[in-house]
Amino acid sequence: TGFFLDRGCRVVSTDARHENLGILKSRLANWIPTLLDVRCLDLDYPNPNIIPEIFDIIYCYGILYHLSKPAEAIKYMAEHCGKLLLMETCVSFENENEINLCREENVQTCGFHQIGCRPGRKWVFNCLKKHFEYVYMPVTQPNYPEFPINWLVPPSRACRAIFIASKQKLENNLFIETIPETQLSC
(Lines give C-alpha, C1' and ligand atoms only; values in the text may rest on other atoms or scores of the structure.)
Protein backbone atom coordinates (compact mmCIF):
# COMPACT_ATOMS: atom_id res chain seq x y z
CA THR A 1 0.00 0.00 0.00
CA GLY A 2 2.80 2.38 0.91
CA PHE A 3 4.53 1.75 -2.44
CA PHE A 4 1.49 3.03 -4.35
CA LEU A 5 0.75 5.87 -1.92
CA ASP A 6 4.39 7.05 -2.21
CA ARG A 7 3.75 7.50 -5.93
CA GLY A 8 0.57 9.52 -5.46
CA CYS A 9 -1.80 6.71 -6.46
CA ARG A 10 -5.34 6.55 -5.15
CA VAL A 11 -5.55 3.27 -3.20
CA VAL A 12 -8.52 1.23 -2.05
CA SER A 13 -7.32 -1.34 0.47
CA THR A 14 -9.60 -4.16 1.61
CA ASP A 15 -9.79 -6.84 4.27
CA ALA A 16 -12.59 -9.10 5.49
CA ARG A 17 -11.90 -8.18 9.12
CA HIS A 18 -12.84 -4.77 10.52
CA GLU A 19 -10.08 -5.03 13.15
CA ASN A 20 -7.44 -5.44 10.42
CA LEU A 21 -8.79 -2.37 8.65
CA GLY A 22 -8.45 -0.44 11.90
CA ILE A 23 -4.79 -1.47 12.16
CA LEU A 24 -4.22 -0.48 8.53
CA LYS A 25 -5.82 2.93 9.08
CA SER A 26 -3.66 3.60 12.14
CA ARG A 27 -0.44 2.56 10.32
CA LEU A 28 -1.25 4.80 7.38
CA ALA A 29 -2.73 7.70 9.35
CA ASN A 30 -0.14 10.16 7.99
CA TRP A 31 -1.26 9.73 4.36
CA ILE A 32 -3.48 12.20 2.60
CA PRO A 33 -7.00 10.88 3.31
CA THR A 34 -8.12 11.47 -0.29
CA LEU A 35 -5.55 8.93 -1.52
CA LEU A 36 -6.43 6.07 0.84
CA ASP A 37 -9.81 4.40 1.20
CA VAL A 38 -10.22 1.23 3.29
CA ARG A 39 -13.22 -1.04 2.87
CA CYS A 40 -14.42 -4.28 4.38
CA LEU A 41 -14.58 -6.90 1.60
CA ASP A 42 -14.87 -10.66 1.95
CA LEU A 43 -13.46 -12.08 -1.30
CA ASP A 44 -15.08 -15.45 -0.64
CA TYR A 45 -18.50 -13.74 -0.78
CA PRO A 46 -17.84 -10.36 -2.42
CA ASN A 47 -20.56 -7.75 -2.38
CA PRO A 48 -20.53 -5.87 -5.71
CA ASN A 49 -21.67 -2.68 -3.97
CA ILE A 50 -18.47 -2.53 -1.89
CA ILE A 51 -16.26 -2.08 -4.97
CA PRO A 52 -18.22 -0.53 -7.85
CA GLU A 53 -15.07 0.92 -9.46
CA ILE A 54 -12.68 -0.38 -12.12
CA PHE A 55 -9.02 -0.06 -11.11
CA ASP A 56 -5.95 0.21 -13.32
CA ILE A 57 -4.00 -2.14 -11.05
CA ILE A 58 -5.17 -4.75 -8.57
CA TYR A 59 -2.42 -5.87 -6.23
CA CYS A 60 -3.32 -9.18 -4.62
CA TYR A 61 -0.37 -10.40 -2.58
CA GLY A 62 -0.83 -13.01 0.14
CA ILE A 63 -4.61 -13.24 -0.12
CA LEU A 64 -5.69 -15.93 -2.58
CA TYR A 65 -4.50 -18.86 -0.45
CA HIS A 66 -6.64 -17.65 2.47
CA LEU A 67 -9.82 -18.08 0.41
CA SER A 68 -12.15 -21.05 0.07
CA LYS A 69 -13.48 -19.80 -3.28
CA PRO A 70 -10.41 -18.59 -5.18
CA ALA A 71 -12.00 -18.94 -8.64
CA GLU A 72 -14.83 -16.60 -7.64
CA ALA A 73 -12.32 -14.14 -6.16
CA ILE A 74 -10.24 -14.12 -9.36
CA LYS A 75 -13.40 -13.56 -11.42
CA TYR A 76 -14.44 -10.69 -9.13
CA MET A 77 -11.02 -9.08 -9.32
CA ALA A 78 -10.94 -9.45 -13.12
CA GLU A 79 -14.31 -7.69 -13.36
CA HIS A 80 -12.85 -4.74 -11.42
CA CYS A 81 -9.47 -4.68 -13.15
CA GLY A 82 -8.94 -2.26 -16.01
CA LYS A 83 -5.36 -3.16 -16.89
CA LEU A 84 -3.19 -5.28 -14.60
CA LEU A 85 -3.53 -7.84 -11.79
CA LEU A 86 -0.40 -8.59 -9.77
CA MET A 87 -0.77 -11.72 -7.66
CA GLU A 88 1.42 -13.62 -5.21
CA THR A 89 0.13 -16.68 -3.43
CA CYS A 90 1.14 -19.84 -1.63
CA VAL A 91 0.83 -22.74 -4.04
CA SER A 92 0.79 -26.50 -3.85
CA PHE A 93 3.70 -28.32 -5.37
CA GLU A 94 1.57 -31.38 -6.00
CA ASN A 95 -1.94 -31.42 -7.50
CA GLU A 96 -0.93 -28.69 -9.91
CA ASN A 97 -4.38 -28.26 -11.45
CA GLU A 98 -6.38 -28.36 -8.20
CA ILE A 99 -7.54 -25.81 -5.62
CA ASN A 100 -6.51 -28.01 -2.65
CA LEU A 101 -8.73 -26.67 0.15
CA CYS A 102 -7.30 -26.70 3.67
CA ARG A 103 -8.26 -25.64 7.18
CA GLU A 104 -6.81 -22.46 8.61
CA GLU A 105 -6.53 -21.18 12.15
CA ASN A 106 -9.05 -18.70 13.50
CA VAL A 107 -6.58 -15.81 13.76
CA GLN A 108 -6.42 -12.35 12.16
CA THR A 109 -3.78 -13.36 9.62
CA CYS A 110 -5.57 -16.44 8.28
CA GLY A 111 -8.70 -17.09 6.25
CA PHE A 112 -11.81 -15.27 7.44
CA HIS A 113 -13.88 -18.46 7.14
CA GLN A 114 -11.07 -20.75 8.46
CA ILE A 115 -10.87 -22.49 5.08
CA GLY A 116 -8.09 -21.61 2.69
CA CYS A 117 -6.47 -23.27 -0.27
CA ARG A 118 -3.09 -24.09 -1.72
CA PRO A 119 -3.82 -24.07 -5.45
CA GLY A 120 -1.32 -25.43 -7.91
CA ARG A 121 0.48 -22.99 -10.20
CA LYS A 122 -1.26 -24.56 -13.19
CA TRP A 123 -4.67 -23.99 -11.58
CA VAL A 124 -3.93 -20.31 -10.83
CA PHE A 125 -2.48 -19.73 -14.31
CA ASN A 126 -5.47 -21.39 -16.05
CA CYS A 127 -8.01 -19.59 -13.88
CA LEU A 128 -6.39 -16.23 -14.67
CA LYS A 129 -6.44 -17.14 -18.40
CA LYS A 130 -10.25 -17.43 -18.23
CA HIS A 131 -10.47 -13.72 -17.41
CA PHE A 132 -7.35 -12.10 -18.85
CA GLU A 133 -6.05 -12.33 -22.38
CA TYR A 134 -2.44 -12.30 -21.18
CA VAL A 135 -1.04 -14.18 -18.19
CA TYR A 136 2.63 -14.21 -17.31
CA MET A 137 5.01 -15.53 -14.73
CA PRO A 138 8.33 -13.86 -13.97
CA VAL A 139 11.57 -15.54 -14.97
CA THR A 140 12.83 -14.66 -11.47
CA GLN A 141 11.64 -15.41 -7.96
CA PRO A 142 12.40 -13.31 -4.87
CA ASN A 143 15.47 -14.48 -2.97
CA TYR A 144 13.47 -15.94 -0.09
CA PRO A 145 13.18 -19.61 0.99
CA GLU A 146 9.44 -19.88 0.22
CA PHE A 147 10.01 -18.91 -3.43
CA PRO A 148 11.51 -21.98 -5.14
CA ILE A 149 13.55 -21.59 -8.28
CA ASN A 150 13.58 -25.28 -9.22
CA TRP A 151 10.03 -26.61 -9.59
CA LEU A 152 11.32 -30.09 -10.52
CA VAL A 153 12.43 -30.80 -6.93
CA PRO A 154 9.73 -30.95 -4.23
CA PRO A 155 10.38 -28.27 -1.60
CA SER A 156 10.59 -29.02 2.11
CA ARG A 157 8.45 -26.01 3.04
CA ALA A 158 5.55 -23.88 1.84
CA CYS A 159 6.10 -22.42 -1.60
CA ARG A 160 4.92 -19.25 -3.27
CA ALA A 161 4.60 -18.02 -6.82
CA ILE A 162 3.95 -14.73 -8.60
CA PHE A 163 1.53 -14.19 -11.49
CA ILE A 164 0.91 -11.19 -13.71
CA ALA A 165 -2.43 -10.98 -15.57
CA SER A 166 -3.06 -8.24 -18.07
CA LYS A 167 -5.80 -6.99 -20.38
CA GLN A 168 -3.12 -5.94 -22.88
CA LYS A 169 0.12 -7.51 -24.06
CA LEU A 170 3.15 -6.64 -21.94
CA GLU A 171 6.57 -6.46 -23.53
CA ASN A 172 9.03 -7.38 -20.79
CA ASN A 173 11.84 -9.90 -21.15
CA LEU A 174 11.41 -10.80 -17.45
CA PHE A 175 7.89 -12.19 -18.10
CA ILE A 176 7.04 -15.46 -19.81
CA GLU A 177 3.63 -16.71 -20.97
CA THR A 178 4.14 -20.22 -19.60
CA ILE A 179 4.65 -21.91 -16.25
CA PRO A 180 8.41 -22.30 -15.83
CA GLU A 181 10.06 -25.42 -14.47
CA THR A 182 12.97 -23.33 -13.25
CA GLN A 183 13.34 -19.65 -12.38
CA LEU A 184 16.22 -17.43 -11.40
CA SER A 185 16.69 -15.97 -7.94
CA CYS A 186 16.78 -12.19 -7.73
Side-chain angles (χ1 to χ4, degrees), residues 1-3 13-17 20 41-46 57-78 81 84-167 169-186:
T1 303
F3 173 87
S13 190
T14 65
D15 197 285
R17 291 184 170 86
N20 287 352
L41 175 66
D42 178 356
L43 276 173
D44 270 327
Y45 301 95
I57 299 171
I58 294 183
Y59 181 78
C60 179
Y61 267 52
I63 298 167
L64 192 73
Y65 66 97
H66 290 306
L67 302 175
S68 62
K69 298 180 178 186
E72 290 86 343
I74 288 173
K75 180 180 184 288
Y76 182 82
M77 287 185 280
C81 183
L84 188 66
L85 170 66
L86 304 172
M87 180 178 289
E88 179 275 337
T89 187
C90 284
V91 292
S92 171
F93 195 80
E94 293 97 23
N95 303 320
E96 273 286 297
N97 206 23
E98 302 292 327
I99 294 172
N100 305 307
L101 293 175
C102 60
R103 295 215 84 12
E104 291 202 331
E105 295 179 45
N106 186 14
V107 296
Q108 279 181 278
T109 58
C110 287
F112 186 64
H113 300 284
Q114 288 81 57
I115 298 174
C117 65
R118 299 303 180 268
R121 292 185 310 153
K122 185 175 182 180
W123 184 90
V124 176
F125 194 92
N126 290 337
C127 191
L128 289 168
K129 283 295 270 182
K130 291 178 185 175
H131 306 286
F132 292 88
E133 188 170 353
Y134 302 97
V135 177
Y136 306 93
M137 292 190 75
V139 297
T140 61
Q141 285 270 69
N143 186 12
Y144 187 77
E146 290 183 2
F147 288 91
I149 57 172
N150 184 349
W151 292 91
L152 300 172
V153 178
S156 59
R157 61 179 351 133
C159 51
R160 298 172 179 266
I162 296 171
F163 303 85
I164 303 104
S166 179
K167 304 273 175 128
K169 188 164 183 65
L170 301 176
E171 298 292 339
N172 188 319
N173 61 1
L174 295 177
F175 299 164
I176 55 175
E177 295 184 70
T178 59
I179 302 169
E181 290 182 346
T182 61
Q183 292 171 286
L184 302 170
S185 182
C186 64

- Q108 vs R17, side chain to side chain contact (heavy atoms under 4.5 Å, CB included): CA-CA, chis, key distance, verdict: CA-CA 8 Å; Q108 279 181 278; R17 291 184 170 86; 4.2 Å; yes

- Message: Over 60° means perpendicular and under 30° means parallel, so tell me whether Y59 and Y61 are parallel, tilted or perpendicular.
- Response: parallel

Euclidean distance, [Y] [atom2] relative to [X] [atom1], rounded to 0.5 Å:
X: C117; Y: L101; atom1: SG; atom2: CG; value: 6.5 Å
X: I63; Y: M87; atom1: CD1; atom2: CE; value: 8.5 Å
X: H113; Y: S68; atom1: NE2; atom2: OG; value: 6.0 Å
X: E88; Y: R160; atom1: CD; atom2: CZ; value: 4.5 Å
X: Y136; Y: F125; atom1: OH; atom2: CZ; value: 9.5 Å
X: D42; Y: L67; atom1: CG; atom2: CG; value: 8.0 Å

How close do [X] and [Y] get, counting heavy atoms only, and between which atoms?
X: E177; Y: Y134; result: OE1-CD2, 4.0 Å
X: L170; Y: L84; result: CD1-CD1, 3.8 Å
X: W151; Y: F93; result: O-CZ, 2.9 Å
X: P119; Y: V124; result: CG-CG2, 3.7 Å
X: H66; Y: D44; result: O-OD2, 4.5 Å
X: N143; Y: C186; result: CB-O, 2.9 Å

Does the side chain of [X] reach to within under 4.5 Å of the side chain of [Y], using non-hydrogen atoms?
X: I179; Y: K122; result: yes
X: K75; Y: K130; result: no
X: L86; Y: I58; result: no
X: M137; Y: F175; result: no
X: P145; Y: R157; result: yes
X: V139; Y: P180; result: no
X: I162; Y: P142; result: yes
X: D15; Y: L41; result: no

- Message: Go through it in stages, so that I can follow the logic: the residues are S92 and E98, the test is side chain to side chain contact (heavy atoms under 4.5 Å, CB included), and I'd like the CA-CA distance, side-chain angles, deciding distance and then a yes or no.
- Response: CA-CA 9 Å; S92 171; E98 302 292 327; over 6 Å; no

- Query: Side chain of Q141, backbone of L184: donor and acceptor closer than 3.5 Å?
  - Reply: no

- Using modelled atom types only, decide if a donor and an acceptor are shared between the side chain of E104 and the backbone of G111 within a distance under 3.5 Å. yes

- Under a 4.0 Å N-O cut-off, is there an ion pair linking E94 with R118?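 The answer is no: the pair does not qualify as a salt bridge.
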
- Item | Test log, rule side chain to side chain contact (heavy atoms under 4.5 Å, CB included), inputs L85 and L128 | CA-CA 9 Å; L85 170 66; L128 289 168; 3.6 Å; yes

- Message: With side chain to side chain contact (heavy atoms under 4.5 Å, CB included) as the criterion, how do T89 and F163 come out once you've worked through the C-alpha distance, each side chain's angles and the decisive distance to 0.1 Å?
- Response: CA-CA 9 Å; T89 187; F163 303 85; 4.1 Å; yes

- Task: Could you tell me whether K129 atom NZ has more than 12 heavy atoms of other residues or ligands within 6.0 Å of it?
- Result: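 For K129, atom NZ is crowded (more than 12 foreign heavy atoms under 6.0 Å).
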
- Taking the six-membered ring of F132, is NZ or CZ of K167 closer than 6.0 Å to its centre and within 45° of its axis?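 Positive - K167 is close enough to the ring of F132 and near enough to its axis.
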
